[in-house]
Protein chains: 2
Amino acid sequence: MSNKNVFLKKYFLMTRSEENYLKTIFHLGGGDSKSITTNAIAEQMETKPSSVTDMAKKLSDKGLVDYVRYQGVSLTTEGKKTALSIIRKHRLWEVFLVEKLDFSWDEVHEVAEQLEHIKSEKLVDKIDELLNFPKYDPHGDPIPTKDGKFQERDEKLLSEMSIKSIGICVGVKDSSVPFLKFLDKNNIALGNTIQVLDKEDFDNSLRIQMDGKEMRISHQIASNLYVKKND
Amino acid sequence: MSNKNVFLKKYFLMTRSEENYLKTIFHLGGGDSKSITTNAIAEQMETKPSSVTDMAKKLSDKGLVDYVRYQGVSLTTEGKKTALSIIRKHRLWEVFLVEKLDFSWDEVHEVAEQLEHIKSEKLVDKIDELLNFPKYDPHGDPIPTKDGKFQERDEKLLSEMSIKSIGICVGVKDSSVPFLKFLDKNNIALGNTIQVLDKEDFDNSLRIQMDGKEMRISHQIASNLYVKKND
DNA sequence: AATTAAATTTAGACAAAGCTAAAAATAGAT
DNA sequence: ATCTATTTTTAGCTTTGTCTAAATTTAATT
Ligand SMILES: [Mn+2]
Ligand SMILES: [Mn+2]
Ligand SMILES: [Mn+2]
Ligand SMILES: [Mn+2]
């Protein structure tokens, strides 16, 4: 096989399933050369550990993961690069759906799961350009650049903010449909200014002021909202 | 299996391969209850007749084609509806790529082949709306409506136009990359006004006037350009 | 009507991606 | 250090979609 075909193999002949495994391994922390267990991957992907083992071998053969029997997998440099390019596509498509097609933030993930597998570098780049090179997706997750770098941000969980401190709501940790719908219903949106007024010791709930209005928020909610502290 | 799941099966559980077969059968004329042969489908899809036979059985079981052994297949009403919805998506995505992302008309087909399989009714409808409900794709092919109707148009091949008659170039019959690039190079584009000045008996070439400029065009070219006659 | 060429189907195999059940390895608890 | 409980892998089977080679049917020609 020629050198060019090795290139083609890696970049164009990745199956949808292989791409999904790489993405999951990355999300479970396998990008930092941490070993991710078969079971953890299986649980996350709602599949069986035996299936994960098979795929681990396949990805290892392709040089995308380091796999040690009974120990787990971690991404190689190539694997991490591939995972990041899929995550980049996923998040760009989510922005596109919200910004250009008026999808709500709880509708985009499912469609992006499909769109992230479309193979066309030009398409991604043009979508990126059309959206004016966004840095974050609709859930506040950073969009990797073409060369796989993240925009870092000084954010912390609302539940970890000190009393009286003020910040801007910049992301959600849990981006499940029910949580997102709950936030909509309570007018909690990214970009809103939040001040912690008071903490209730009993149940760790917070009294906050958001865009002028005062409200009470459970610990459950507060520990799933990212806030950027004002300078 | 519940009634609802039967619905789901037909509309959401179509595989990419099944969709491609339906589309091909439609393009070969199987939408007009004409029987399409195994060989014709195999040739068009660059696959083997035996593979087509297998798929014919599967699609027949699903009620999407009528299949008679040794005779060929034709689309059922359901099959035609499904084929048209995929063709609709394909052509809408092509318009999107050209209109919104500055793709050229020879770059869009390959990407649309992938995008046409994305499953989200809302996505198609929103793209349609974003594009202002286009009637034709970048190659002049009509875009089926949501309920599977085509916009008819009184068009004929340039090669069949009578001398002196005037029309507007509205479509290409051959939409291969080389032909489209040739047209670009010679400034022949959809929307241009064309008058047939003269026909050469020897090789059936035409002398035409296009947007003011005079040029000579081979029969090969003229028989792959659709023209709408002025009223 | 019989023969032959071409088209089509069948049979059997393979790769990808999944599953279940059984075997093997690891890690935790005595 | 040994024994379990848990995790992980292996072996073997399934489905989808493809292929090749062999068998069968149809269609064309004498
Ligand atoms: Mn998502
Ligand atoms: Mn997201
Ligand atoms: Mn096309
Ligand atoms: Mn087209």
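Just so we're on the same page: letters track the sequence lines, and every chain starts at 1.
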For atom OH of Y67(B) and atom P of dT8(C), their distance in whole Å: 10 Å

Can you tell me how far P of dA17(C) sits from NZ of K58(A), to the nearest Å? 4 Å

Compare side-chain N and O positions of N39(A) against OP1 and OP2 of dT8(D) and report whether any pair is under 4.0 Å apart. yes

Distance in angstrom units between K57(A) NZ and dA15(C) C1', rounded: 16 Å

Return whichever of Q71(B) or S17(A) has its heavy-atom-nearest nucleotide of DNA chain C closer to the 5' end. Q71(B)

How long is the span from the CD atom in E99(A) to the CG atom in L92(A), to the nearest 0.5 Å? 11.5 Å

Below 30° counts as parallel, above 60° as perpendicular, anything between as tilted: where do the rings of H139(A) and W105(A) land? parallel

Mind checking S50(B) for me? I need base, sugar-phosphate or nothing, with any heavy atom below 4.0 Å counting as a touch. base

For the pair E113(A) and K23(A), find out whether any cationic side-chain nitrogen is under 4.0 Å from an anionic carboxylate oxygen. yes

Going by the ring pair (Phe, Tyr, Trp, His ring centres under 6.0 Å) test, which pairs reach into residues 72-104 of chain A, not counting sequence neighbours? H90(A)-H109(A), W93(A)-F96(A), F96(A)-F96(B)

Within the pair R69(A) and dT10(D), is there a side-chain N or O less than 4.0 Å away from OP1 or OP2? yes

Given dT9(D), dG18(C), dG17(D), which nucleotide is nearest the side-chain atoms of P49(A)? dT9(D)

Would you tell me if any nitrogen or oxygen in the side chain of S51(B) comes within less than 4.0 Å of OP1 or OP2 on dC19(D)? yes

Atom CD of E129(A) and atom CG of L101(B): how far apart are they, to the nearest 0.5 Å? 8.5 Å

The nucleotide from dT10(D), dC19(D), dT8(C) with an atom nearest the side chain of T53(B) is dT8(C)

Between I41(A) (CD1) and dA17(C) (C1'), how many Å, whole number? 16 Å

D54(A) CG to dT9(D) P: how many Å, rounded? 10 Å

With heavy atoms under 4.0 Å as the rule, sort T38(A) into base, sugar-phosphate or nothing. sugar-phosphate

Interatomic distance where CG belongs to L59(A) and P belongs to dG18(C) [whole Å]: 11 Å

Round to the nearest Å and state the distance from R16(B) atom CZ to dA17(C) atom P. 13 Å

Any side-chain N or O of Y70(A) below 4.0 angstrom from OP1/OP2 of dT6(D)? no

d(CE, M55(A); P, dG18(C)) in whole Å: 6 Å

